[in-house]
Number of protein chains: 2
Amino acid sequence: MNMPKDVQHKLATHPLFDGMGRSQQNWLFTVGESISLAKHEYLFRRGEQSGRLYVLLSGHIKLSIPAERGQEKVLEFLSPGDVFGESALLTNHLAITDAQALGPSELLAFQGKDVMVAVTRVPSFAQQILTNLSQRVETLFRDMESTSLLSAAQRVAEYLLRQPRVGNQAKLPFHKRAIASKLGLQPETFSRSLQQLAADGLISVRGARVVIHDADKLQAMLV
Amino acid sequence: MNMPKDVQHKLATHPLFDGMGRSQQNWLFTVGESISLAKHEYLFRRGEQSGRLYVLLSGHIKLSIPAERGQEKVLEFLSPGDVFGESALLTNHLAITDAQALGPSELLAFQGKDVMVAVTRVPSFAQQILTNLSQRVETLFRDMESTSLLSAAQRVAEYLLRQPRVGNQAKLPFHKRAIASKLGLQPETFSRSLQQLAADGLISVRGARVVIHDADKLQAMLV
DNA sequence: CGAAGGCTTGAGACCGCTCAAGACCCGTGG
DNA sequence: CCACGGGTCTTGAGCGGTCTCAAGCCTTCG
């Protein structure tokens, strides 16, 4: 693989690879392909046959389905450690989402057939991927629960509570338009919901910075 | 395993098990547990730690999230061959859905730790589970696409087109209330959407029986 | 044949969407 | 460093698709 030594060293301690022997690691790094994406660059688009399974090493990737008039439905924001591109494991399946880098990103890519071989040669790799896919299914379940059972303001409150905070301040990690789509809302509705929470004294909003004044009341909204 | 010989024989030719040797099959059948469910019986409920991965052999299982006032959000209808209960693969995770049999059902269950061992001993089993989980993720993506991008009538049309037909007649396989929930609709809205399609001459509805008069126009609605 | 549950139909309300315009923010180049 | 410009976000007004609540009907099954 076209991979610098320092990257390999970092990978060796990554959860995905640290449960296996050195030779198995080397073999994976040989069949794997290192990929770098610039901000806004597409990894694949709906309808393409990417044929590869990806591991996100750094950066953020947005999985979305394109819709009319430049709109889109955001399905997932992926973070380092996430495994995706599972259509590669299904013979002759085309990608059903777009995959776009939201910032400079590094990935590791495996041909679908290599993955199936890797599963037999490196059991711990198979276990990691299984765990990861299971995690994805659970996350999707939770997302479906939220969008179908909660109101707009509730979804926004839930999302805010999930963001990492320093002190009581959180930062919206992506464009509000994209977050709104992920929550199943129009940008206008997302904005209005934030305003509503602010009017109720639960938060303050300035740009992408959100101050959480009353996390307990936000949590109580979700009942 | 407490499993009749004839069931074992049927399993031996099942896609999940036919890519492995006889001894590997026998081992799986030994660590696996055979489960039978009566109609309406629950396999597990939200909040429980089922700890097992299931393979549905016959019957149908409904995965849903309970909501207020006896309501529920149906996430998936499972059919024979489907693999589920992936929270078993995540240590200390509780089930986030209910799993209820919609009719008499037979399943094979594996303890989470046994699955992880099986992955190392029986690679083809690991591959099958990976394929199945990938399939599930894709299906969930499609469902999210439909519910967030299509109108009520469009979702109903899409659902009808996916049902198996004999001649031009399809049969709704579950209670309309449950199908409505799967599509993200209230029962009333589902009913009205069916009436609308009937009024437009695309279908006829009598109870659970739906006659598709014009599949092309139904398909054209989805654009 | 009767009862219970599921489905349909109607009327009305409301939440979120659409369309449109203006404000703000941030990155860029001078 | 500042001014500019494009893109993003906010705000307003009005609409409409879906939901809610409430009866009544139909089917099915005991």
Side-chain angles (χ1 to χ4, degrees), chain A residues 38-40 62 64 67-74 100 102-104 146-160 171-200 203-210 221, chain B residues 38-40 62 67-74 100 102-103 146-160 171-200 203-210 221:
Chain A
K39 187 176 183 177
H40 294 154
K62 176 183 71 180
S64 61
E68 293 162 357
R69 291 183 17 217
Q71 303 279 79
E72 62 174 6
K73 163 63 186 174
V74 174
Q100 185 185 24
L102 296 176
S146 299
T147 55
S148 61
L149 258 29
L150 299 182
S151 70
Q154 286 176 313
R155 279 177 261 174
V156 173
E158 186 186 65
Y159 183 81
L160 291 177
K171 181 173 174 300
L172 301 179
F174 314 112
H175 281 164
K176 288 182 180 176
R177 167 179 302 276
I179 296 173
S181 175
K182 167 93 196 307
L183 298 178
L185 300 174
Q186 296 306 118
E188 295 94 327
T189 305
F190 182 61
S191 176
R192 279 187 253 268
S193 297
L194 283 173
Q195 299 316 315
Q196 184 56 52
L197 295 178
D200 294 347
I203 63 172
S204 306
V205 184
R206 214 186 62 228
R209 256 174 296 256
V210 179
M221 284 181 57
Chain B
K39 187 175 182 177
H40 295 154
K62 177 183 72 180
E68 294 162 0
R69 292 191 6 226
Q71 302 278 80
E72 61 173 8
K73 163 62 185 173
V74 174
Q100 184 186 25
L102 296 177
S146 299
T147 55
S148 62
L149 258 28
L150 300 182
S151 70
Q154 285 176 314
R155 278 176 261 175
V156 173
E158 185 184 67
Y159 183 80
L160 292 177
K171 181 174 175 301
L172 301 179
F174 314 113
H175 281 166
K176 289 183 179 175
R177 168 178 301 277
I179 297 173
S181 174
K182 169 90 196 309
L183 298 178
L185 301 174
Q186 297 305 120
E188 296 94 327
T189 305
F190 182 61
S191 176
R192 280 187 252 268
S193 297
L194 282 174
Q195 300 314 317
Q196 185 56 52
L197 295 178
D200 293 348
I203 63 173
S204 306
V205 184
R206 214 186 62 229
R209 259 175 293 260
V210 180
M221 285 181 57

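Each chain gets a letter, A, B and so on, in the order the sequences are listed, and its residues count up from 1. Not measured: the values here are computed from a predicted model.
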- What do the steps show when you test Q186(B) against Q71(B) for side chain to side chain contact (heavy atoms under 4.5 Å, CB included), and what is the final call? CA-CA 10 Å; Q186(B) 297 305 120; Q71(B) 302 278 80; 3.8 Å; yes
By nearest-heavy-atom nucleotide on DNA chain C, the more 5' of R209(A) and S151(A) is S151(A)
Atom CD of E68(A) and atom P of dC19(C) are separated, to the nearest Å, by 11 Å
Judged by nearest nucleotide, the residue sitting upstream toward the 5' end of DNA chain C, E188(A) or P187(B), is P187(B)
Here the distance between atom C1' of dG17(D) and atom CZ of R155(B), to the nearest Å, is 10 Å
note: I179(A), atom CD1; dT8(D), atom P; distance rounded to Å ~ 14 Å
OG of S204(B) to CG of L194(B), rounded to nearest 0.5 Å, is 11.5 Å
When rounded to whole Å, the CG to C1' distance for the pair L185(A) and dT18(C) reads 15 Å
Check: Looking only at atom types and distance, does a side-chain atom of R155(A) sit under 3.5 Å from a main-chain N or O of L150(A), one as donor and one as acceptor?
Finding: yes
Practice item. Verify, without hydrogens or angle tests, whether K176(A) (side chain) and A208(A) (backbone) share a donor-acceptor contact under 3.5 angstrom. Key: no
The reported gap from OH in Y159(A) to NZ in K182(A) (rounded to nearest 0.5 angstrom) is 7.0 Å
In whole angstroms, the gap separating C1' of dC7(C) from CZ of F174(B) amounts to 18 Å
* Could you check L197(B) against V210(B) for side chain to side chain contact (heavy atoms under 4.5 Å, CB included), going step by step and ending with a plain yes or no? => CA-CA 11 Å; L197(B) 295 178; V210(B) 180; over 6 Å; no
Among the nucleotides dT11(D), dC19(D), dT10(D), whichever has the atom closest to the side chain of K176(A) is dT10(D)
Terminal axes of the helix from dC1(C)-dG30(D) to dG30(C)-dC1(D) (5 end pairs apiece), angle rounded to 10 degrees, sit apart by 50°
Looking at the base of dG10(C), is there any donor atom on it, or on the side chain of R192(B), that sits under 3.5 Å from an acceptor on the other one? yes
Whole-Å distance, L194(A) CG to dT8(D) P, equals 17 Å
Here the distance between atom C1' of dC15(C) and atom CD of Q196(A), to the nearest Å, is 13 Å
Classify Q195(A) by what it touches in the nucleic acid, base, sugar-phosphate, or nothing, heavy-atom distance under 4.0 Å.
sugar-phosphate
Q186(A) atom CD is separated from dT18(D) atom P, nearest whole Å, by 14 Å
message: Keeping K62(B) on the side-chain end and H40(B) on the backbone end, is there a donor-acceptor pair under 3.5 Å?
response: no
Using a 4.0 Å heavy-atom cut-off, does R177(B) contact any base of the nucleic acid, only the sugar-phosphate backbone, or nothing at all?
sugar-phosphate
Next item on the list: Report yes if a side-chain nitrogen or oxygen of S191(B) is closer than 4.0 Å to either non-bridging phosphate oxygen (OP1 or OP2) of dT8(C); otherwise report no.
Entry: yes
